[in-house]
> 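Mind looking over this structure? Questions follow.
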Amino acid sequence: MDLPKSRLFKNLFHPSILLLLALIGCAYLGLTHSNLETQHLTMLVLISIAILIILSVIVNALFLKQLNKINKQLSSAINLEALHSATIYGAIRHYRQVSRKVEEHLQKSHMQHTLLRTGISDERERLRQQMAQRKKSLDYLTKFQKLLSKNFSELLLIPADQVEAELTETLGRVARFMSIERVSLFQYDQENKQFVYSNEWLEEDFPSSHLLLSKVTPAEYPWWFEQLSKGPIVIESLEELPEAAFPEKATLANHRVKSLIAMPLQHNGGVIGYITYDSLTHKRQWEEDEITLLSIANALIVGTLVNQQRYKEIQNARETLEIANKQLKAITRTDSLTGLANRRYFDEMRQIEFSRANRSNQPLCLMLCDLDYFKRLNDSLGHSAGDEAIKAFAQALEQVFGRKSDLCARVGGEEFAVLLPETPLPQAINLAEVLRNSLWEKAVPHPASPIADRLTISIGIATFQQGNYERFDALYSAADKALYEAKSLGRNRVIANH
Ligand SMILES: Nc1nc2c(ncn2[C@@H]2O[C@H](COP(=O)(O)OP(=O)(O)OP(=O)(O)O)[C@@H](O)[C@H]2O)c(=O)[nH]1
């Protein structure tokens with residue numbers, strides 16, 4: 001390999017060459033211009049220098065050999081074409097190349113390392129944010145879970161007649177927690193085969209679903225009800241609805257719904273209702289855990305509604321039973337032909353009224369009425385005409401005795417009794433006359449009567465006052481006695497037992 005001229009020139013002034021030249025000069029002067037002793041000393045120095053030079057050449061050769069070896073190793077290490085240099089210069093040049101490549105490699109590695117470090121710190125930041133987000137979401141879900149379990153378990157415990165209002169409040173609490181603006185509950189109406197709005201909670205100033213839609217039939221929204229039969233409907237945006245859901249899309253848009261969750265209320269394998277949780281202000285990405293928690297809440301709502309339904313059924317049954325009891329009681333107290341009180345009820349009431357009159361020291365009048373020659377009416381006009389005549393007299397009784405406290409009863413075939421609490425005798429006699437005239441005015445035909453062309457009545461009256469009778473039976477006997485007297489005196493009259 002040829003050295004460039006500049007390097008050749010530089011090498012001529014290398015210190016070792018200059019030193020060699022200085023030594024040769026000194027040797028020449030020592031050998032030519034000195035005595036024998038000095039010449040010997042000079043020779044000794046020259047021989048020493050020669051040995052040193054030989055040693056230096058050997059060391060140099062060994063160094064070069066070693067250098068070549070390292071050179072080969074480095075070349076193969078960095079995948080360069082193997083260089084073979086016999087000179088230090090070649091080796092150094094090669095080393096520079098190698099070191100440049102090594103430096104480039106290191107720089108590249110450093111850059112990669114820097115990039116890697118940046119990547120790791122980005123990833124760490126991403127993970128940190130992800131963890132913070134997850135923690136936030138977990139906190140939210142934990143609070144949500146607490147809210148649901150507290151509110152809905154309370155709902156199961158409150159009396160069924162208070163559930164209606166409390167359920168709306170509970171749904172409102174859930175809505176506020178989820179930051180949504182409307183929750184609506186629709187329940188299945190078995191009779192009309194439709195879902196009917198039953199409860200709704202609304203954030204202020206937001207439109208009610210109920211005003212737009214109070215009942216929904218599966219025939220109108222087949223897609224909706226098919227989805228509900230499978231599970232919750234989760235809509236993040238109305239745009240994602242399939243074509244088959246066009247009526248639903250139109251209705252939801254009309255209801256200003258941006259996103260919603262609809263939870264079916266399932267019981268005994270059927271859908272008994274559903275709840276819609278509507279976001280009206282913005283599109284929502286619902287969390288899967290939110291839906292899971294709402295499903296748990298749903299089970300509690302179903303339990304509440306089923307309880308409430310049972311309560312209503314029991315209430316209805318109780319009311320029906322009460323009505324039936326009242327009817328039964330009325331039947332047992334009423335005379336079927338006239339609708340007046342019957343003998344049994346009269347017997348129940350007479351003692352009560354007698355005791356009351358006794359206690360309050362108020363007069364109590366008893367009026368006994370008996371239709372005149374009634375057997376003859378039956379015989380002449382027939383039994384049904386007799387029944388009609390009895391009914392006509394019952395009507396007259398009801399017209400004359402309008403006070404609630406007055407008790408008119410049919411106590412025998414054609415015998416009637418009237419109990420008049422807090423009624424003095426003269427007033428009772430007047431009323432009896434009014435009654436007698438009222439029957440006369442009705443002109444119920446009685447062709448077989450020997451005293452008139454129509455049905456007439458005989459009335460006997462007795463009054464309990466100031467303890468004049470010890471027992472009701474005595475009062476009754478007195479009235480009966482007066483009636484007997486009215487009959488004896490020719491009938492169609494009023495007789496009072498004074
Ligand atoms: N049609 C009809 N007749 C009845 C009913 N209950 C009783 N009677 C009849 O009423 C009649 C009562 O007759 P009596 O007790 O002899 O008295 P009367 O014929 O009214 O004669 P006086 O009372 O003396 O005026 C009987 O013939 C009974 O059969 C009834 O529910 N319907």
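When a ligand or atom number is given, it counts from 1 through the structure's own listing order. The analysis underlying the following values was restricted to heavy atoms, covering all of them including side chains, and did not include hydrogens, waters or symmetry mates.
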> Quick one: look up the protein heavy atom nearest atom 25 (O) of ligand 1 and list residue, atom name and how far away it is.
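Nearest protein contact, heavy atoms only, for atom 25 (O) of ligand 1 is Y373 N, 2.8 Å.
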
> Would you mind checking which non-hydrogen protein atom is closest to atom 13 (O) of ligand 1, with the distance to 0.1 Å?
K375 CB, 3.7 Å

> Taking only heavy atoms of D387 into account, list the atoms of ligand 1 that are under 4.0 Å away from them.
1 (N), 2 (C), 30 (C), 31 (O), 32 (N)

> List the closest protein heavy-atom neighbour of atom 7 (C) of ligand 1: residue, atom name, distance to the nearest 0.1 Å.
G413 CA, 3.3 Å

> Could you give the distance from CG (N492) to CG (L455), rounded to the nearest 0.5 Å?
9.5 Å

> Out of all atoms in ligand 1, which are within 4.0 Å of some heavy atom of L371? Include the element for each.
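Counting from 1, the qualifying ligand atoms are 20 (O), 23 (O), 25 (O).
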
> Would R182 pass as a cation-pi partner of W201, given that its NZ or CZ must be under 6.0 Å from the six-membered ring centre and within 45 degrees of the axis?
no

> Which residue supplies the protein heavy atom nearest to atom 22 (P) of ligand 1, what is that atom called, and how far is it?
K487 NZ, 3.4 Å

> Give the atom numbers and elements of ligand 1 that come within less than 4.0 Å of a heavy atom of I390.
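What qualifies from ligand 1 is 2 (C), 5 (C), 30 (C), 31 (O), 32 (N).
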
> Give, for atom CG of D335 and atom CG of L340, the distance between the pair rounded to the nearest 0.5 Å.
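These two atoms lie 6.5 Å from each other.
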
> Closer than 4.0 Å to some heavy atom of G386 - which atoms of ligand 1 meet that?
1 (N)

> Crowded around K487 NZ? As in, over 12 foreign heavy atoms under 6.0 Å?
yes

> Ring centres under 6.0 Å, that's the criterion: do F225 and F195 meet it?
yes

> At what distance is the nearest protein heavy atom to atom 24 (O) of ligand 1, and which residue and atom is it?
R491 NH2, 3.0 Å

> Report the nearest protein non-hydrogen atom to atom 14 (P) of ligand 1: residue, atom name, distance rounded to 0.1 Å.
E414 OE2, 4.4 Å

> Rounded to the nearest 0.5 Å, what separates atom CD1 in I459 from atom CG in L431?
10.0 Å

> Check N378 against ligand 1 and report side chain, backbone, both or neither, counting heavy atoms closer than 4.0 Å.
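Looking at N378 and ligand 1, just side chain atoms fall under 4.0 Å.
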
> Is R126 paired with D122 through a side-chain N to carboxylate O contact shorter than 4.0 Å?
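Here D122 does not pair with R126 in a salt bridge, since their nearest N and O are not under 4.0 Å apart.
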
> So which of E290, E236, E181 actually passes salt bridge (Lys or Arg N to Asp or Glu O under 4.0 Å) with R284?
E290

> For ligand 1, is there an N or O atom under 3.5 Å from any N or O atom of F374?
yes

> Please work out whether any backbone atom (N, CA, C, O) or any side-chain heavy atom from C-beta onward of R410 is under 4.0 Å from ligand 1, and answer side chain, backbone, both or neither.
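The answer is the side chain of R410.
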
> Run the numbers for me: atoms of ligand 1, each under 4.0 Å from some heavy atom of D370, listed by number.
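Those atoms are 23 (O).
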
> With only distance considered, is H383 within less than 3.5 Å of ligand 1 through an N or O on each side?
yes

> Under the rule for ring-ring contact (aromatic ring centres under 6.0 Å, His included), what residues qualify as partners of F177, not counting sequence neighbours?
Y140, F144

> Considering the heavy atoms of D372, write down every atom of ligand 1 situated less than 4.0 Å from one of them.
25 (O)

> Go through the structure and list residues passing ring-ring contact (aromatic ring centres under 6.0 Å, His included) with W224, not counting sequence neighbours.
Y274

